[in-house]
Asks: 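Okay, here's the structure, questions in a sec.
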Amino acid sequence: MKTPQNAIIDLMINLSEIPTIAFSELEPQATEHVLFDGHDITITSAPSGSRIDVTNFVRDPLDFHGPTDVDHVINFGGSLSGLIGTYDGPSVETINGLPDSCVEVLSETNINAVEVVRGIDNLARQLIADSSLYDNKEFCRTYYDLAEKGYRLLDELDDANDVRGIPVSLIRAGLVTTRLAHGFGMDEIVPEEVQVETKRFHPKGGQHTDISVTVRWADYSDPLSLQNKAIEIADFVNPASWASTAALLIALKQGYGVQPTSVMHRSFMGTEQGVALAKRVCSAMNIKALFKLVGIADRLNDMYYLSGDIAVGDAGQALRHFRPGTKK
């Protein structure tokens with residue numbers, strides 16, 4: 001297996017050489033091949049007006065907890081397995097405050113951010129030890145309050161030149177964190193918001209570290225609104241592996257011929273290996289990648305979750321109590 005450092009150096013997607021495929025040209029469940037760091041990954045897309053039954057792709061359907069009718073299935077195979085372990089590549093950070101800075105991590109300079117990250121870590125370890133706490137709304141409210149504090153601290157990184165792009169909410173946690181990132185109440189409508197559900201799963205065949213991602217649009221017309229636009233993704237941990245955002249960008253390019261101009265990641269936590277991968281992929285696609293994070297980690301386990309000194313638990317599960325329209 002490649003080391004995380006070598007994998008980060010090697011991981012690169014060249015979507016500029018991929019022909020754009022319109023939905024009208026696709027047969028039901030048509031599969032297209034995409035070159036991803038020399039790996040043959042695939043995207044299976046449904047024509048407009050129909051969807052794909054993802055259970056035909058999932059190794060263990062009982063362990064899949066998303067909608068089974070989806071618009072795209074992107075199979076990354078083992079191309080992300082080099083991210084597993086501890087990142088030991090070049091630093092992904094730049095000095096905070098420089099005009100061309102694309103990676104800003106608040107906990108590197110702000111003691112309040114450090115305390116918030118420690119607070120989430122403490123709660124996450126309790127959740128990991130006792131999963132019944134995910135159903136305790138009072139406990140999860142403390143998690144939500146710390147997340148809100150972290151996003152308010154991120155506001156300190158903003159300046160007059162920042163572009164607040166079209167908010168793209170990755171369902172589940174993204175619905176909550178988009179509202180936190182914009183200072184909106186739990187049930188407020190966010191102008192221009194695009195909602196899309198992405199779910200990672202292990203595909204049939206291959207190794208246990210192989211990853212696929214489903215993409216399901218809340219509104220079929222939403223992807224077209226992102227053409228040549230700055231977008232903002234405020235998912236709680238993004239990037240970790242960055243698989244969901246990569247799948248989103250591939251689905252836009254292959255399914256619709258749509259490409260944003262920039263992607264702002266406004267997240268509570270990210271990983272160094274995920275940031276490095278995202279920067280390289282977006283650069284190859286001529287998309288500007290920006291990152292504003294409360295904290296950053298450098299370890300992923302073989303399930304592509306944070307491991308080591310910083311834990312966040314299942315943020316989507318903890319924050320689900322505060323989704324728009326949820327009985328509070």
Asks: Donor-acceptor pair, Glu108 side chain versus Ile296 backbone, under 3.5 Å?
Replies: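 Between the backbone of Ile296 and the side chain of Glu108 there is no qualifying donor-acceptor contact (under 3.5 Å).
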Asks: Taking the side chain from Ser50 and the backbone from Ala46, do they hold a donor-acceptor pair closer than 3.5 Å?
Replies: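 Flag not set: sc Ser50 to bb Ala46 has no pair under 3.5 Å.
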Asks: Between Gln227 and Gln259 (side chain of the first, backbone of the second, donor and acceptor by atom type, cut-off under 3.5 Å), is there such a pair?
Replies: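 Here the side-chain-to-backbone pair exists.
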Asks: Return each pair, listed once, that meets salt bridge (charged side-chain N to carboxylate O under 4.0 Å, His left out) where at least one residue sits in residues 190-209; pairs must be two or more places apart or across chains.
Replies: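 For residues 190-209, and leaving out neighbouring residues, the salt bridge (charged side-chain N to carboxylate O under 4.0 Å, His left out) pairs sorted by first residue read Arg179-Glu193.
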Asks: Checking Asp298 now: which residues fulfil side chain to side chain donor-acceptor pair (under 3.5 Å) with it, not counting sequence neighbours?
Replies: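 Result, side chain to side chain donor-acceptor pair (under 3.5 Å) vs Asp298: none returned.
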Asks: Between Ser262 (side chain only) and Ala230 (backbone N and O only), is there a donor and an acceptor less than 3.5 Å apart?
Replies: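 Such a contact is absent between Ser262 side chain and Ala230 backbone.
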Asks: Using the salt bridge (charged side-chain N to carboxylate O under 4.0 Å, His left out) rule, collect all pairs that involve residues 205-222, keeping only residues at least two apart or in two chains.
Replies: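 Sorted result for residues 205-222: Asp69-Arg216.
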Asks: Indicate yes or no for a side-chain donor-acceptor contact from Ser107 to the backbone of Val114 under 3.5 Å, with no hydrogens or angles considered.
Replies: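 Between the backbone of Val114 and the side chain of Ser107 there is no qualifying donor-acceptor contact (under 3.5 Å).
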Asks: Got a sec, which residues hit side chain to side chain donor-acceptor pair (under 3.5 Å) with Gln207, two or more places apart in sequence or on another chain?
Replies: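 Gln207 satisfies side chain to side chain donor-acceptor pair (under 3.5 Å) with no residue once adjacent residues are dropped.
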Asks: Donor-acceptor pair, Tyr87 side chain versus Gly274 backbone, under 3.5 Å?
Replies: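 Not a single qualifying donor-acceptor pair exists.
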Asks: Do the charged groups of Asp121 and Arg118 touch, with an N to O distance under 4.0 Å?
Replies: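 A salt bridge is absent here (no side-chain N lies under 4.0 Å from a carboxylate O).
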Asks: Hey, can you pull the donor-acceptor pairs under 3.5 Å for the side chains in residues 312-320, sequence neighbours left out?
Replies:
| unit_1 | atom_1 | unit_2 | atom_2 | d |
| --- | --- | --- | --- | --- |
| Asp314 | OD1 | Arg172 | NH2 | 3.1 |
| Asp314 | OD1 | Gly316 | N | 3.2 |
| Asp314 | OD1 | Gln317 | N | 3.1 |
| Gln317 | OE1 | Arg172 | NH1 | 2.9 |
| Arg320 | NH1 | Tyr134 | O | 3.0 |
| Arg320 | NH1 | Gln317 | O | 2.6 |
| Arg320 | NH2 | Asp135 | OD1 | 2.6 |

Asks: Tell me every residue that passes ring pair (Phe, Tyr, Trp, His ring centres under 6.0 Å) with Phe139, counting only those two or more places apart in sequence or in another chain.
Replies: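 Phe139 satisfies ring pair (Phe, Tyr, Trp, His ring centres under 6.0 Å) with no other residue.
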Asks: Using modelled atom types and a 3.5 Å cut-off, is there a donor and acceptor pairing between side-chain atoms of Arg299 and backbone atoms of Thr271?
Replies: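 Not a single qualifying donor-acceptor pair exists.
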Asks: Phe236: which residues meet the ring pair (Phe, Tyr, Trp, His ring centres under 6.0 Å) condition with it, sequence neighbours left out?
Replies: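 Residues passing ring pair (Phe, Tyr, Trp, His ring centres under 6.0 Å) with Phe236: Tyr143, Phe268.
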Asks: Return each pair, listed once, that meets ring pair (Phe, Tyr, Trp, His ring centres under 6.0 Å) where at least one residue sits in residues 173-202; pairs must be two or more places apart or across chains.
Replies: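 Qualifying pairs, neighbours excluded: Phe64-Phe201.
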Asks: Using a 6.0 Å cut-off, check whether atom CD1 of Ile111 has over 12 heavy atoms from anything other than its own residue.
Replies: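 Correct, the count exceeds 12.
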Asks: Do Lys149 and Asp145 meet the salt-bridge criterion of a basic N to acidic O distance under 4.0 Å?
Replies: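 Looking at Asp145 and Lys149, the cut-off is not met.
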Asks: Applying ring pair (Phe, Tyr, Trp, His ring centres under 6.0 Å), can you list everything that pairs with Tyr304, at least two apart in sequence or on another chain?
Replies: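 For Tyr304, no residue satisfies ring pair (Phe, Tyr, Trp, His ring centres under 6.0 Å) once neighbours in sequence are set aside.
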Asks: Would you mind listing every ring pair (Phe, Tyr, Trp, His ring centres under 6.0 Å) that reaches into residues 273-293, with sequence neighbours excluded?
Replies: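 Counting only pairs at least two positions apart or across chains, the ring pair (Phe, Tyr, Trp, His ring centres under 6.0 Å) contacts touching residues 273-293 are His265-Phe291.
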Asks: Other than Ile171, which residues form its hydrophobic cluster under the rule that side-chain heavy atoms must be closer than 4.5 Å?
Replies: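 Leu175, listed by chain and number.
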Asks: Would you find a donor on one side and an acceptor on the other, under 3.5 Å apart, between the side chain of Thr44 and the backbone of Thr31?
Replies: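 Side chain of Thr44 to backbone of Thr31: no pair is present.
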Asks: Test of understanding: with side chain to side chain donor-acceptor pair (under 3.5 Å), list the residues that count as partners of Thr55, not counting sequence neighbours.
Replies: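 If we apply the side chain to side chain donor-acceptor pair (under 3.5 Å) test to Thr55, skipping adjacent residues, the hits are Asp53.
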Asks: Ignoring hydrogens and geometry beyond distance, is a side-chain donor-acceptor pair present between Asn238 and Thr245 at under 3.5 Å?
Replies: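 Short answer, yes.
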